[in-house]
**Student:** 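I'd like to ask you about the structure that follows.
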Amino acid sequence: MAEQLNEYQGKATMEKITSLAKRRGFVFQSSEIYGGQNGAWDYGPLGIELKNRIAGAWWKEMTQLNDDIVGLDAAILMHPRTWEASGHVENFTDPLVDCKKCKARFRADMIPEENLAAKKCPECGGELTDTRKFNLMFKTHIGPAEDTASIIYLRPETAQGIYVNYKNIIQSNRMKIPFGIAQIGKAFRNEIVTKNFIFRTCEFEQMEMQFFVKPGSDDEWFNEWRKRRWAYYGKLGVKMDHLRWHQHGPDELAHYAKDAYDIEYLFPMGWRELEGVHNRTNYDLNRHTQFSGKDMQYIDQDNNNERYIPYIIETSAGLTRNVLMILCDAYDEEQVADKGNDDDWRTVLRFHPSLAPVTVAVLPLMKKDGLAELAQDIRRELKEDFAADYDQAGAIGRRYRRQDEAGTPFCVTVDYQSKDDGTVTLRFRDSMEQIRVPKAELAARLRQEIKEYKRTK
Ligand code: GAP
């Protein structure tokens, strides 16, 4: 056991992350009892807490800390003309090939060029079909008639809900350019290849912010948003040497983009896109003007009613992909003893305390002699301000390990001394250091520790 762990020491693999996620109730495969649904995942008790906290951190960063950004929650189902205007009906496609022999399906841009040129299946050597375009939007029907007039799409990005509302928001909230609109919500893509756990899925969530600027100031704002989005991950305590920029080359640029950079993260399977910062120009608003017949110009009342279609700088992050990144980033295995036992090693998720699903766990050393009751009282008090867990099952060492594996940054242990002098043991997840703290000071101490947290390992 120790040898096996030693091989991977400190190294997250996708298998370990997936298995820990299931074991501890972060993420389960969708409809598992029926063999699972490809491209869909369910977030369990710890997973939904983690996802909510990541979404909360992003929301705070974008709206609360920015005077000129407001929020929106637009519907998933939008008028189908939206997607003609946005270019998704025409352009949101992947090149697809099938193997006639083994029936495997590939994205043509993901198989070796020689296989594509020779039309040879990379798995069985069978003959491949011609490449055809496959639209990634999920299509369904609204209303009782399943005809072309009733076609409706599940949105493939949240951005369009913002564009079609931008004039409503200017009018209702008296916004002046430059300003932004932020949104978190589900998006759907009929992905041909879904692998690597929750990295690329058919149903996922995005955290997108669209910033409306005067044409000509777009390059400046684009650089400004690149800086801000980079700094944000530092605030979350992410390993900054696991992040890098990737600028889109001419072949990669989306149909709407003038310039685009991805923030990539070093996942166990390699560097992959985490978030995109895009200069979408005035493409979307021009197209919505054209397709809806509505005037999408901004009227600058502070500047002689100058009229223009704003440019848009977009920051677009995957929320569910951020969950995977935070899990990978936090994952660690550490040797804590050398006795040749299984428990010489611990698996620990080093979440930033503000993201951890459980902030503090209260553990009575024994169930008897009133210690359990005292611990329950402490937990009840802490619960008002923190996500507080309670665990009295098993040896204290095992309980610490369980909390380490869930990423709980603080444990409070109640022992006989607590009954005598009102102090408890505060144990820190990362260092495993233990100190005594008067229970009356616990909440203030935890608040301070969360605020001043610096990742050391
Ligand atoms: N509105 C622009 C847009 O949607 P994108 O690069 O296609 O741009 C933005 O997507 C982000 O959404 C990506 O950086 C990624 O984090 C996330 N994302 C995209 N497709 C995804 C999928 N199939 N599964 C999970 N996350 C996805």
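Remember, it's 1-based here, ligands and their atoms both numbered in the order they're listed. Numbers here simply count residues along the sequence, with the first being 1.
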**Student:** Any salt bridge between Glu264 and Arg244, counting N to O under 4.0 Å?
**Tutor:** yes

**Student:** Would you call Asp404-Arg427 a salt bridge at under 4.0 Å N-O?
**Tutor:** yes

**Student:** Can you list the atoms of ligand 1 that are under 4.0 Å from a heavy atom of Arg280?
**Tutor:** 1 (N), 2 (C)

**Student:** Looking only at protein heavy atoms, which one is nearest to atom 26 (N) of ligand 1, and what is the separation?
**Tutor:** Phe204 CD1, 3.4 Å

**Student:** Quick one: closest heavy-atom pair of Val213 and Asp218, and the distance?
**Tutor:** CG2-CA, 3.9 Å

**Student:** For atom 10 (O) of ligand 1, state which one of Arg155, Glu157, Gln206, Gln160 supplies the nearest heavy atom.
**Tutor:** Gln206

**Student:** Which residue and non-hydrogen atom of the protein lie closest to atom 24 (N) of ligand 1, and at what distance in Å?
**Tutor:** Thr201 N, 3.0 Å

**Student:** Quick one: does Arg272 get within less than 4.0 Å of ligand 1, heavy atoms only?
**Tutor:** no

**Student:** Among Gly276, Ser316, Cys202, which residue places a heavy atom closest to atom 11 (C) of ligand 1?
**Tutor:** Ser316

**Student:** Identify, for atom 25 (C) of ligand 1, the protein heavy atom at the shortest distance, and state residue, atom and that distance.
**Tutor:** Phe199 O, 3.2 Å

**Student:** Any nitrogen or oxygen of His278, main chain or side chain, under 3.5 Å from a nitrogen or oxygen of ligand 1?
**Tutor:** no

**Student:** Quick one: look up the protein heavy atom nearest atom 17 (C) of ligand 1 and list residue, atom name and how far away it is.
**Tutor:** Gly318 CA, 3.6 Å

**Student:** Would you mind listing which atoms of ligand 1 come within a distance below 4.0 Å of any non-hydrogen atom of Glu191?
**Tutor:** 22 (C), 23 (N)

**Student:** Quick one: look at Glu275 and ligand 1, take heavy-atom pairs under 4.0 Å, and tell me if it's side chain, backbone, both or neither.
**Tutor:** backbone

**Student:** For atom CG of Asp241, is the number of surrounding heavy atoms from other residues, nucleotides or ligands below 6.0 Å larger than 12?
**Tutor:** yes

**Student:** How far apart are the C-alpha atoms of Asp98 and Thr129, what are their side-chain angles, what is the distance that settles it, and do they pass the side-chain hydrogen bond (donor to acceptor under 3.5 Å, both in side chains) test?
**Tutor:** CA-CA 5 Å; Asp98 287 305; Thr129 60; 4.5 Å; no

**Student:** For Tyr256, state whether at least one heavy atom is located under 4.0 Å from any atom of ligand 1.
**Tutor:** yes

**Student:** Under the criterion side chain to side chain contact (heavy atoms under 4.5 Å, CB included), I'd like the reasoning laid out for Leu349 against Glu405: C-alpha separation, chi angles, the key distance, then a yes or no.
**Tutor:** CA-CA 6 Å; Leu349 292 178; Glu405 219 184 31; 6.0 Å; no

**Student:** Take atom NZ of Lys167 as the centre, draw a 6.0 Å sphere, and report whether it contains more than 12 heavy atoms from other residues, nucleotides or ligands.
**Tutor:** yes

**Student:** Examine the proximity of ligand 1 to Thr158 and report which part, side chain or backbone, both or neither, has a heavy atom under 4.0 Å away.
**Tutor:** neither

**Student:** For ligand 1, does Met207 get within less than 4.0 Å through its side chain, its backbone, both, or neither, judged by non-hydrogen atoms?
**Tutor:** neither

**Student:** Does Asp219 pair with Lys258 as a salt bridge, N-O distance under 4.0 Å?
**Tutor:** yes

**Student:** I'd like to know if the side chain of Tyr256 and the backbone of His278 have a donor-acceptor N/O pair within less than 3.5 Å.
**Tutor:** no

**Student:** For ligand 1, which atoms, with element, lie under 4.0 Å from some heavy atom of Glu208?
**Tutor:** 1 (N), 2 (C), 3 (C), 4 (O)

**Student:** Name the option, out of Glu314, Arg189, Arg200, that contains the heavy atom nearest to atom 5 (P) of ligand 1.
**Tutor:** Arg189

**Student:** Do you know which of Thr408, Ile450, Leu446 makes side chain to side chain contact (heavy atoms under 4.5 Å, CB included) with Thr359?
**Tutor:** Ile450

**Student:** Considering non-hydrogen atoms of the protein only, which is the closest contact for atom 14 (O) of ligand 1, and what is the distance?
**Tutor:** Glu273 OE2, 2.6 Å

**Student:** Looking at Asp300 and Lys214, does any basic side-chain N land under 4.0 Å from a carboxylate oxygen?
**Tutor:** no

**Student:** Has ligand 1 got any nitrogen or oxygen that is less than 3.5 angstrom from a nitrogen or oxygen of Pro156?
**Tutor:** no

